[in-house]
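Note sheet for the following structure.
So that the names make sense, note that chain A is the first sequence line, chain B the second, and so on, each numbered from 1.
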2 protein chains.
Amino acid sequence: MDYRFRLWLMKDNKKVFGEGPLMLLKKVEELGSLRQAAMSMGMSYSKAWKIMKQIEEELQIQLINRKIGGVAGGGSTITREAKDFINKYEALVASVNKKIEEDINRFFVI
Amino acid sequence: MDYRFRLWLMKDNKKVFGEGPLMLLKKVEELGSLRQAAMSMGMSYSKAWKIMKQIEEELQIQLINRKIGGVAGGGSTITREAKDFINKYEALVASVNKKIEEDINRFFVI
DNA sequence: TGTCGTTATACATTCATAAACATAACGCAT
DNA sequence: ATGCGTTATGTTTATGAATGTATAACGACA
């Protein structure tokens, strides 16, 4: 049986971290700019920006260091805190994924 | 850390079973009609009907026995196959949830 | 000092999805 | 025969989220 799952971290009953933010942060790390990260995912910059803002407010964690203006117009890099966070989230998701694969073959023998 | 988790069963890359259909089937079992089941969930009947139809087509499983007309206008009851299916799905979700709760406290010590 | 690509933000528009609505058929009970 | 509440299905309308557009500020550098 094939499956798909999503796991969100919640705060005050609001989604505060999930697959979208994860991808975004990894792309920022790779590309050095939030705009380029959003573009590379086919996501509008305004949405990407809102996501970052919301998470930072909600979790009280600074995720990216912004630089406005300058040689390449500016850019963003992810913070150590963000790196730690995505490492934890990825480890969690991997662990859960493993569990599902074990179980799904136990329950659905199809 | 609080979380929310959703698991879908897939067929041909399409969502074919998840939390929505599960609730719907349980409500049909409880209330004896797809219309009432949908209403009780604040879901439109047409959507509920489409969900049932799609799953039955996709999984090649008959989920509900329909009766049109008659004493109470008709109604629907869920099949044994559907009962088996929701039992498996619920067991799987419960097992995975347990795992997440263990892990999330291991990873996010917040 | 003007240019560049970025962050930041508000606002308008588009689009996909869901809900509403409409209609037909059904069969038991009165 | 008629009415009732259901299943079945297509069509229309509404809602909300995502996207697009616009504008300002910024600062290194040529």
Query raised in the report: When the distance from CG of B:Leu24 to P of C:dA19 is rounded to whole Å, what number comes out?
Result: 12 Å
Report summary line: Residue pairs passing the ring pair (Phe, Tyr, Trp, His ring centres under 6.0 Å) test with at least one member in residues 9-33 of chain A, sequence neighbours excluded, are A:Phe17-A:Phe85, A:Phe17-A:Tyr89
Query raised in the report: Once you round to the nearest 0.5 Å, how far does NZ of B:Lys88 lie from CD1 of A:Ile104?
Result: 11.0 Å
Report task. Could you state the atom-to-atom distance from CE of A:Met39 to C1' of D:dT19 in whole Å? Result -> 10 Å
Report summary line: Here the side-chain hydrogen bond (donor to acceptor under 3.5 Å, both in side chains) pairs for residues 22-31 of chain B, sequence neighbours left out, are B:Lys26-B:Glu90
Requested in this report: Could you check which residues of residues 41-58 of chain B get a heavy atom under 4.0 Å from DNA chain C? Sort them by number, please.
Outcome: B:Gly42, B:Ser44, B:Ser46, B:Lys47
What side-chain donor-acceptor pairs closer than 3.5 Å can you find for residues 91-100 of chain A, not counting sequence neighbours?
residue, atom, partner, partner atom, Å
A:Ser95, OG, B:Asp103, OD2, 2.2
A:Asn97, OD1, A:Tyr3, OH, 2.6

**Report entry** Strand-adjacent residues in residues 63-75 of chain B, judged by heavy atoms under 4.0 Å from DNA chain C
**Finding:** B:Ile68, B:Gly69, B:Gly70, B:Val71
Query raised in the report: Got a sec, which residues hit salt bridge (Lys or Arg N to Asp or Glu O under 4.0 Å) with A:Asp2, two or more places apart in sequence or on another chain?
Result: none
Query raised in the report: Are the charged groups of A:Asp84 and A:Arg80 less than 4.0 angstrom apart, N to O?
Result: yes
Query raised in the report: Going through the checks in order, is the side-chain contact (heavy atoms from CB on, under 4.5 Å) test met by B:Lys15 and A:Arg4?
Result: CA-CA 8 Å; B:Lys15 291 177 186 176; A:Arg4 185 169 303 169; 5.5 Å; no
May I have the list of side-chain donor-acceptor pairs in residues 47-64 of chain B shorter than 3.5 Å, sequence neighbours left out?
residue, atom, partner, partner atom, Å
B:Glu56, OE1, B:Arg66, NH1, 3.0
B:Glu56, OE1, B:Arg66, NH2, 3.1
B:Glu56, OE2, B:Leu63, N, 2.7
B:Glu56, OE2, B:Ile64, N, 3.2
B:Glu56, OE2, B:Arg66, NH1, 3.1
B:Gln62, NE2, B:Ile64, O, 3.2
B:Gln62, NE2, B:Asn65, OD1, 3.3

